[in-house]
Amino acid sequence: RDRGDLAGVRVLVTAGGTREPIDPVRYLGNRSSGKQGVAVAAAAAARGAEVVLLAANIDTSVLAEVASDPAVRVVPVGTTAELDSTAHAAAKGARVVIMAAAVADYRVADIADHKIRKEDSAGDAPTLALVENPDILVSLVRERQGDQVIVGFAAETVESEDELLERGRRKLARKGVDLLAVNAVGWKEGFEAEENDVRVLDMDGDVVAAVAGSKREVADALLDAVRDELDFAESP
Ligand code: C5P
């Protein structure tokens, strides 16, 4: 049987959205369903890769796509701090790192150890003090293992395709990744949807893939670009 063009390649994928606790029952979160990242994990496994999927708060119905796949090891995580430590540990053995997770930029400075009660705030709305989270992707790039291929995602609210690419190019340079998958998001587009519309930028800022379709089709187009990066690194 043909094992595929990523046979034996170790791929780390992060997916979903991190949550930052406010108190024991509340959190700050985002609308990422994890569908795109899970589709990347499933597609990579189908192409022969050995996948570690760090799943940040992903519904079991979404994880079902990979749940019975022996080539995908799913590790659930909750907060950005958990994703940060598991990602750094898992990246050590990975040839390819794909950061599809939506990471909370800020966390709550002082997590209350009991439920914050309206009765206790004497009619005043409480104020949440936030502190900045570390940028996991930037630190993975800083600690890059050999010629590891590192891929980021960027979901942007934009007015035009030009603005999307412009913001993508700036982010690519800021993060130092090999490839950046950019897509427009908004109240209706991007998150939770079954389809996606993505541009993949390489280090020069060139669009190496443009694909509108199912999240699996987007995943395969992205993995084609990853395969090209691996071929380039492995060419004599
Ligand atoms: O800056 P922005 O959040 O748009 O960047 C998105 C990319 O950076 C994604 O690949 C995301 O997983 C990653 N990221 C991260 N750590 C953060 C914020 C974003 O790894 N604190």
Side-chain angles (χ1 to χ4, degrees), residues 11-21 27-41 44 51-58 75-92 94 96-109 130-145 148-158 163-186 189-191 196 198-203 205 209 215 218-219 221-223 225-226 229:
V11 179
L12 167 62
V13 181
T14 70
T18 60
R19 289 179 185 171
E20 301 300 345
Y27 60 83
L28 296 175
N30 62 71
R31 288 174 47 213
S32 176
S33 62
K35 283 178 187 166
Q36 184 61 71
V38 170
V40 170
V51 181
V52 174
L53 173 62
L54 304 185
N57 307 297
I58 302 178
V75 181
V77 296
T79 63
T80 302
E82 284 166 18
L83 182 62
D84 192 22
S85 58
T86 52
H88 276 91
K92 296 231 152 54
V96 177
V97 175
I98 302 177
M99 280 288 302
V103 182
D105 289 320
Y106 301 96
R107 67 179 180 278
V108 176
L130 303 179
V131 287
E132 198 171 326
N133 274 328
D135 193 308
I136 302 169
L137 188 51
V138 166
S139 65
L140 290 173
V141 168
R142 208 185 300 123
E143 293 162 28
R144 188 192 295 269
Q145 311 287 306
Q148 205 169 43
V149 174
I150 304 183
V151 183
F153 269 72
E156 306 286 349
T157 52
V158 288
E163 188 192 349
L164 179 66
L165 294 178
E166 184 50 41
R167 286 187 183 282
R169 289 184 179 116
R170 283 206 295 266
K171 188 157 292 183
L172 186 100
R174 207 160 56 231
K175 305 258 183 186
V177 291
D178 300 293
L179 296 169
L180 187 73
V182 297
N183 70 295
V185 291
E189 30 177 357
F191 295 128
N196 209 350
V198 170
R199 307 285 172 274
V200 180
L201 300 172
D202 71 5
M203 262 179 131
K215 289 186 171 177
V218 168
L222 179 64
L223 291 171
V226 167
E229 296 286 327

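Bear in mind that the values here come from a model prediction, so they are computed numbers and not experimental data. In listed order, ligands and their atoms are each counted from 1.
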Check your understanding: With R169, which residues qualify under side-chain hydrogen bond (donor to acceptor under 3.5 Å, both in side chains), at least two apart?
Key -> none
Review point. What pairs with D84 under side-chain hydrogen bond (donor to acceptor under 3.5 Å, both in side chains), at least two apart in sequence or on another chain?
Key: H88
Check your understanding: So, does D178 use its side chain to make a donor-acceptor pair with the main chain of V151 at under 3.5 Å?
Key ->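 Absent.
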**Study point:** Pairing residues for K175 by the salt bridge (Lys or Arg N to Asp or Glu O under 4.0 Å) criterion, not counting sequence neighbours
**Key:**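 Testing K175 for salt bridge (Lys or Arg N to Asp or Glu O under 4.0 Å), a comparison that skips the adjacent residues, returns D135.
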Revision key, fill the gap. Which of V103, L54, T86 passes side chain to side chain contact (heavy atoms under 4.5 Å, CB included) with I136? It is V103
Practice item. Would you tell me whether N133 and E20 have side-chain atoms, one donor and one acceptor, within less than 3.5 Å of each other? Key: yes
Review point. When you look for protein heavy atoms under 4.0 Å from ligand 1, which residues do they belong to?
Key: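 Those residues closer than 4.0 Å to ligand 1 by some heavy atom are M99, A101, V103, D105, P134, D135, I136, L137, G152, F153, K171, K175.
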